[in-house]
Amino acid sequence: TDRLFFALFPDDEVAVEIAELTRRLRGELGLKGKPIATDRLHVTSHFLGDFPGLPKEVIASASVAAASLTSRPFEVAFDRVMSFGGKPHNRPFVLRGGKGLADLTRFQGELAMAMAKSGQGRTPRASFTPHVTLLYDNAIIADQPVASVGWTVREFVLVHSVLDENRHAQLARWPLKED
């Protein structure tokens, strides 16, 4: 019934920019899916799991791991869109990037290692694919460039998603270490 994950959220101005890009591409590409709400646009940096209820011990371990990170703020830049595979009518249409996500990949690895040390989570996966889900649709859109959209990541957030209710709650947040 409940999902936990760490996420990186764009600032409000960038979230609006992403939402406008989604609306434009939805029309140009003939997509029918409903765009993700602006306040829910994010990059999942570490998936903790799905649970029957909200597990306090997992939240506590995740909080200890998160507080141990020493990462500094970093830039992210997304410059491509495409569809991921999936069930018909439920294929994620996503914003992706290339070189502009190297620091994000390093951050994800550091977070995953901290989670593994805390006894929660897995070690970093080589298959981590940073992305922002824009909408879900039946269409399959091939990888294509778009104007770059980016922001400075200054914090990360532990998110509780109530499955089947399309609802997210931010449980805690940790600022990255400024100089």
Side-chain angles (χ1 to χ4, degrees), residues 3-26 29 31 33 35-48 62-63 65-86 91-116 121-136 141-161 168-179:
R3 174 172 290 164
L4 291 172
F5 60 93
F6 284 107
L8 310 173
F9 287 88
D11 57 48
D12 291 343
E13 183 178 305
V14 174
V16 167
E17 184 180 348
I18 293 170
E20 289 171 357
L21 174 66
T22 303
R23 280 190 287 280
R24 182 177 60 78
L25 290 171
R26 185 175 181 264
L29 299 171
L31 300 172
I36 301 294
T38 306
D39 65 342
R40 291 188 58 211
L41 293 168
H42 68 275
V43 176
T44 298
S45 54
H46 189 80
F47 177 72
L48 279 74
S63 296
S68 75
L69 296 189
T70 60
S71 294
R72 301 216 178 286
F74 56 91
E75 301 293 321
V76 293
F78 297 87
D79 59 4
R80 311 199 62 73
V81 292
M82 67 175 290
S83 295
F84 284 162
R91 292 184 178 105
F93 178 62
V94 302
L95 188 57
R96 296 203 41 213
K99 292 179 184 176
L101 300 176
D103 289 336
L104 169 55
T105 300
R106 279 191 287 281
F107 170 79
Q108 189 272 342
E110 183 181 348
L111 179 56
M113 289 301 292
M115 288 298 297
R122 305 170 296 272
T123 55
R125 296 178 306 157
S127 64
F128 175 61
T129 305
H131 65 278
V132 177
T133 301
L134 305 175
L135 56 82
Y136 292 89
I141 305 298
D143 187 325
Q144 56 189 276
V146 294
S148 184
V149 178
W151 69 91
T152 302
V153 175
R154 294 186 182 351
E155 67 178 3
F156 61 108
V157 179
L158 179 59
V159 177
H160 169 220
S161 175
H168 286 176
Q170 296 184 11
L171 299 179
R173 57 183 60 237
W174 293 267
L176 298 181
K177 312 294 187 214
E178 299 280 349
D179 289 332

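Numbering starts at 1 and runs along the sequence shown.
Taken to the nearest 0.5 Å, the CD1 atom of Ile141 stands 11.5 Å off from the CG atom of Leu134. Remark: Thr22 OG1 to Leu95 CG distance equals 7.5 Å, nearest 0.5 Å. Ser83 OG to Leu29 CG: the interatomic distance, rounded to the nearest 0.5 Å, is 8.5 Å. Remark: Thr133 OG1 to Phe93 CZ distance equals 11.0 Å, nearest 0.5 Å. From Leu8, atom CG reaches atom CG of Leu176 across 8.0 Å, with rounding to the nearest 0.5 Å. For the atom pair CD (Gln108) and CG (Leu101), the distance works out to 12.0 Å, reported to the nearest 0.5 Å.
Every pair passing side-chain hydrogen bond (donor to acceptor under 3.5 Å, both in side chains) that includes a residue from residues 92-103 is listed here, sequence neighbours excluded: Asp103-Arg106.
Contact check for Leu104 versus Phe128: side-chain heavy atoms found under the 4.5 Å cut-off.
Under the rule for a salt bridge (charged side-chain N to carboxylate O under 4.0 Å, His left out), Asp11 has no partner lying at least two apart in sequence or in another chain. Scanning for salt bridge (charged side-chain N to carboxylate O under 4.0 Å, His left out) contacts around Arg154 gives an empty result, with sequence neighbours left out.
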Assess whether side chain to side chain contact (heavy atoms under 4.5 Å, CB included) is satisfied between Leu25 and Val146, documenting all intermediate values.
CA-CA 10 Å; Leu25 290 171; Val146 294; 4.1 Å; yes
Side chain to side chain contact (heavy atoms under 4.5 Å, CB included) between Glu155 and Phe9, worked out:
CA-CA 8 Å; Glu155 67 178 3; Phe9 287 88; over 6 Å; no
Give the C-alpha distance, both sets of side-chain angles, the deciding distance and a yes or no for side chain to side chain contact (heavy atoms under 4.5 Å, CB included) between Leu69 and Trp174.
CA-CA 9 Å; Leu69 296 189; Trp174 293 267; over 6 Å; no
Chi angles and distances behind the side chain to side chain contact (heavy atoms under 4.5 Å, CB included) call for Leu4, Leu171
CA-CA 10 Å; Leu4 291 172; Leu171 299 179; 3.8 Å; yes
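Annotation for Thr38 and Ala19: closest pair OG1-CB, 3.6 Å, computed over non-hydrogen atoms. Nearest heavy atom pair, residue Gly85 against residue Pro92, reads O-CD, 3.7 Å. The heavy-atom pair separating Thr152 from Pro73 by the smallest distance is CG2-CB, 4.2 Å. Taking each heavy atom of Ala77 and Ser148 in turn, the nearest pair found is CB-OG, 3.7 Å. Across all their heavy atoms, Leu135 and Gly33 have their closest contact at CD2-O, 3.7 Å. Contact detail for Ala7 and Val159: the closest heavy-atom pair is CB-CG2, 4.0 Å.
Counting non-hydrogen atoms of neighbouring residues, nucleotides and ligands closer than 6.0 angstrom, the CG atom of Asp12 reaches no more than 12 such neighbours. More than 12 heavy atoms of other residues, nucleotides or ligands sit less than 6.0 Å from atom CD of Gln144.
Classified by interplanar angle (parallel below 30°, tilted 30° to 60°, perpendicular above 60°), the ring pair His42/His168 is perpendicular. The aromatic rings of Phe74 and Phe107 lie tilted to each other, with the angle between the two planes from 30° to 60°.
Aromatic pair His46/Phe156: ring centres not closer than 6.0 Å.
Side-chain atoms of Arg91 do not come within 3.5 Å of backbone N or O of Phe84 as any donor-acceptor pair.
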